[in-house]
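To start, the structure itself, in C-alpha cells.
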Amino acid sequence: MSDSQSTPAGDNPTDFIRSIITEDQASGAYGGRVVTRFPPEPNGYLHIGHAKSICLNFGVGEQYPGARCHMRFDDTNPTREDIEYVESILADVKWLGFDWGEHLYYASDYFEQLYQYAEQLILDGNAYVDGLTADEMRKYRGTLTEPGRESPDRNRSTEESLDLFRRMRAGEFADGEYVLRAKIDMASPNVNMRDPVLYRIRHAEHHRTGDDWCIYPMYDYAHSLSDSIEGITHSLCTLEFEDHRPLYDWCQEVLGIYRSRQIEFARLNLTHTVMSKRMLRRLVEDNYVAGWDDPRMPTISALRRRGYTPESIRDMCDRVGVARRNTVTELALLEHCLRDDLNRRAQRRMTVLDPLKVVITNYPEQQSEEFEAVNNPEDDSMGARSVPFGREIYIERDDFMENPPRRFYRLAPGQEVRLRYACLITCTDVVKDAHGNVTEVHCAYDPDSRGGNAPDGRRVRGTIHWVSAAHAVPLEVRLYDNLFSDPDPAGAAAGSGDDFVDLINSDSLQVVTAMAEPALSKAEPGERYQFERLGYFCADPDSQPGKPVFNRTTTLRDSWARISRQQG
RNA sequence: UGGGGAUUAGUCUAGUGGUAAGACGCCUGACUCUGGAUCAGGUAUCACAGGUUCGAAUCCUGUAUCCCCAGCCA
C-alpha cells in the first residue's frame with residue numbers, strides 16, 4: 001500500500017457507506033459478515049469511473065475483518081458481450097491492485113437457478129407470461145405522470161403462464177413473442193414497478209453458455225438474485241439505480257431468499273473527458289483515437305499505457321471520497337496524485353524535447369567526460385548514474401532567449417546558467433540562419449565549476465537540463481494533451497447542440513523526436529521516468545529495441561509558465 | 001405536488017444543535033543544482049426565505065436550482 005496522506009492511520013469510516021457498514025458490524029447485522037461485489041457487464045473496457053467503484057467495493061472488502069469482495073460479471077445480455085471484455089476487465093482490476101481470490105462469478109452461472117426461481121414466481125402468482133409486443137407494452141406502461149394499464153395477459157392462469165414460460169425456454173417462440181413479467185402494480189408512481197420484464201427471449205449465442213439458453217433474465221431480476229445467491233451484504237451501485245431498489249428488494253422479498261442491501265453512491269466524473277460508454281465507443285470506432293488504450297482515453301488500459309500508476313488512481317479515488325451528490329472532479333487531482341507518487345518513485349533522466357545546439361567554445365574538441373547525476377533526489381537509495389558531456393550539447397529551445405524578459409533565469413546573451421550536474425556556462429554568441437532564427441548558441445564554460453558550482457561561491461539562479469550531442473540517442477516522444485479542452489465536453493456539446501467529437505482538441509497529440517541521454521536507449525515498455533524539468537514519461541509498448549517510444553504522462557508543475565503569463 | 005435524489009469555498013469531501021475542518025486548485029513568501037519537490041501563510045458562513053432555540057450548516061416550514069426514471073440495456 002502506498003502512504004496516502006488523505007487516510008490517516010486509525011480512522012475508520014470515511015464516507016457514508018463505510019459508516020453504514022461499520023454500524024452493521026457493530027449491531028451484528030448480517031452476522032457480522034461484509035461481502036461486496038464489483039459487477040461489470042463485459043461489454044466494454046473499464047474506465048476511470050469504474051475505478052471508483054472498484055476501489056470502493058474491493059476497498060471495503062479488504063478493510064473489514066473477514067470481509068471480501070466478489071468479482072462478478074453481469075453477463076445477462078448475450079448480444080452485447082464478449083470474452084475479450086471479460087479478459088480486459090479482469091486484467092484491469094488486477095492491475096489496479098485488487099484480488100478477488102476464489103470469488104470470481106458470472107451471472108450466467110446462475111441461469112438455471114434463476115430460471116427455477118422464476119417458475120416459483122409464477123407458481124406464487126408473482127409473475128406472468130405476457131404476449132404484448134414491445135410497442136404495446138410501452139403504451140400500456142403509462143407515462144411518468146399517468147398510471148399504466150394492466151395487460152390483458154395479466155390474469156393468465158399460473159398453469160398457462162408456467163406452460164408458456166417452459167415453452168419459451170424450450171425455444172418454441174421467436175424473439176419478442178413473449179416475456180415474463182413481474183406482477184406488481186401498473187399504477188405505481190415508480191415506473192420500474194409497473195410489472196417489469198423479468199425474462200425476454202433472445203435466440204443468441206452467449207459467450208459462456210453458448211446456445212444453452214434462448215431466454216435471458218433482465219438486470220433487475222438477475223442482479224438482485226445474484227447478490228442474494230452470493231450472500232452479498234452490501235450491494236453498492238451508482239445513483240441511477242436508486243429507483244430500482246424497490247424492485248431489487250421485491251425480488252428477494254417475494255422469493256423469501258437472502259436479503260442484501262443496495263446502497264447507491266454518485267459515480268465519478270472527470271473534467272476534460274467523456275465517460276459514457278456510448279461516447280467512448282464512438283471515439284474508438286470512428287477512429288478519433290487509436291483504440292481503447294489510446295493514452296488520451298479515460299480507460300484503465302489507456303491510463304496504464306499513458307504511464308499512470310495504479311497507486312495514483314487509487315489515491316485519487318480515496319481523496320475524492322464517496323457521497324450521493326453528482327459531481328465532476330478536476331483532472332488536476334488525478335495529476336497531482338500521479339506526480340505525488342512518481343516524484344518519490346521515478347528515476348530522473350535528462351531529455352531535450354526541442355533541441356537547440358550549444359557549442360562550448362572553450363571546451364577542447366574531441367574531449368568528453370562524465371558527470372554523476374543522482375537518479376532521484378528524493379531517494380538516495382536509487383543511486384546515481386554517469387552522464388556524458390562534451391563540447392557540443394543540446395538544450396531546450398525554450399531555455400534560451402535572445403531578448404529575455406525580466407526574471408528569465410535561463411540562458412541569454414551574457415547570462416550564466418548551470419548545466420544540471422555539469423558546470424556553469426555563459427552565452428557569448430548567437431548564430432542565426434538567413435531568416436533570423438537562432439540555430440546555434442555559443443557559450444564559454446567555467447572550468448572550475450565542474451560538478452555544478454563555482455569555487456568562488458557565486459550564485460547562479462538558473463539550472464537547465466542538457467544532453468551531449470555526441471552521445472545523444474533519439475527518442476520518439478508522444479506529447480499528450482487533454483482530448484477535450486473544454487472541462488465539460490459532454491455538457492458543452494449538449495448545450496450547444498454540437499456533436500461532442502467536434503470539441504476534440506486537435507492538438508491532443510504531438511509527436512517529436514527528442515534527444516536523450518544514453519541511459520534511456522534501453523528502456524523497457526512500461527518503465528516510467530521523470531524527464532527533468534519536463535514531466536513524467538512512460539516507455540510505450542510500441543518501443544523497439546534501440547528505438548524507444550515514450551508517452552508523456554503529465555508535465556511537471558510549471559511556475560515559470562505562470563510568471564511569464566503574468567508578465568504578459 | 002408523477003416518483004426518486006441532491007444543494008458546504010473554483011473543485012472534491014468532513015461536520016448530525018455550540019459559533020465551518022481536510023485535500024486539490026489558486027495567491028504570497030521561504031528554500032532549492034529540476035522556476036520540480038519541500039516548508040510557511042492566505043483563500044467559504046454552509047442555495048434562498050422564514051421559524052424554533054441562549055445558540056443552527058446541523059431541527060421545522062416554504063421556495064429555488066440541478067440530477068435520475070416511461071429498454072423485451074446494464
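Note on naming: letters A, B, ... go to the chains in the order of the sequence lines (proteins, then strands), and numbering restarts at 1 for each one. Computed from heavy atoms alone, side chains included, the values below leave out hydrogens, waters and symmetry copies.
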Quiz item: When the P atoms of B:U8 and B:C66 are considered, how many whole Å apart are they?
Solution: 15 Å
Quiz prompt | Selection from B:C26, B:U34, B:G25 that lies nearest to any side-chain heavy atom of A:H336 | solution = B:G25
What protein N or O atoms touch nucleotides 10-15 of chain B N or O atoms at under 3.5 angstrom, if any, and at what distances?
from  : atom 1 : to     : atom 2 : distance (Å)
B:G10 : N2     : A:E330 : OE1    : 3.0
B:U11 : O4'    : A:E330 : OE2    : 3.1
B:U11 : O3'    : A:V328 : O      : 3.2
B:U11 : O2'    : A:V328 : O      : 3.1
B:C12 : OP1    : A:V328 : N      : 3.2
B:C12 : O2'    : A:V320 : O      : 2.8
B:U13 : OP2    : A:R325 : NE     : 3.4
B:U13 : OP2    : A:R325 : NH2    : 3.0

Quiz item: Nearest to the side chain of A:R557 - B:G71, B:G36, B:C24?
Solution: B:G36
Quiz item: With a 4.0 Å cut-off on heavy atoms, is A:V179 in touch with a base, just the backbone sugar-phosphate, or nothing at all?
Solution: base
Practice problem: For the side chain of A:Q566, starting at C-beta, report the closest nucleotide among B:U28, B:C69, B:C73. | Solution: B:U28
Self-check item: Interatomic distance where NZ belongs to A:K139 and C1' belongs to B:G71 [whole Å]
Solution: 16 Å
Exercise. Measure from the side-chain heavy atoms of A:D74 and tell me the nearest of B:U34, B:A74, B:C69.
Key: B:A74
Practice problem: Could you measure between the two C1' atoms, the one in B:A9 and the one in B:A47, and give it in whole Å? | Solution: 14 Å
Quiz item: Any luck finding a side-chain donor-acceptor pair between A:R418 and A:N453 under 3.5 Å?
Solution: yes
Exercise. Taking atom P in both B:G15 and B:U7, compute the distance separating them and give it to the nearest angstrom.
Key: 12 Å
Quiz item: Between A:R18 and A:Q63, do the side chains contain an N or O donor and an N or O acceptor separated by less than 3.5 Å?
Solution: yes
Quiz item: What nucleotide among B:C72, B:A37, B:U32 has an atom nearest to a side-chain atom of A:R141?
Solution: B:C72
Self-check item: Selected nucleotide, minimal atom distance to A:E532 side chain, candidates B:G5, B:U34, B:A70
Solution: B:U34
Quiz prompt | Distance-only side-chain donor-acceptor flag, A:R267 / A:N326, under 3.5 Å | solution = no
Quiz prompt | C1'-based separation of B:U53 from B:C59 [nearest Å] | solution = 10 Å
Quiz prompt | Separation of the C1' atoms in B:U58 and B:G42, to the nearest angstrom | solution = 28 Å
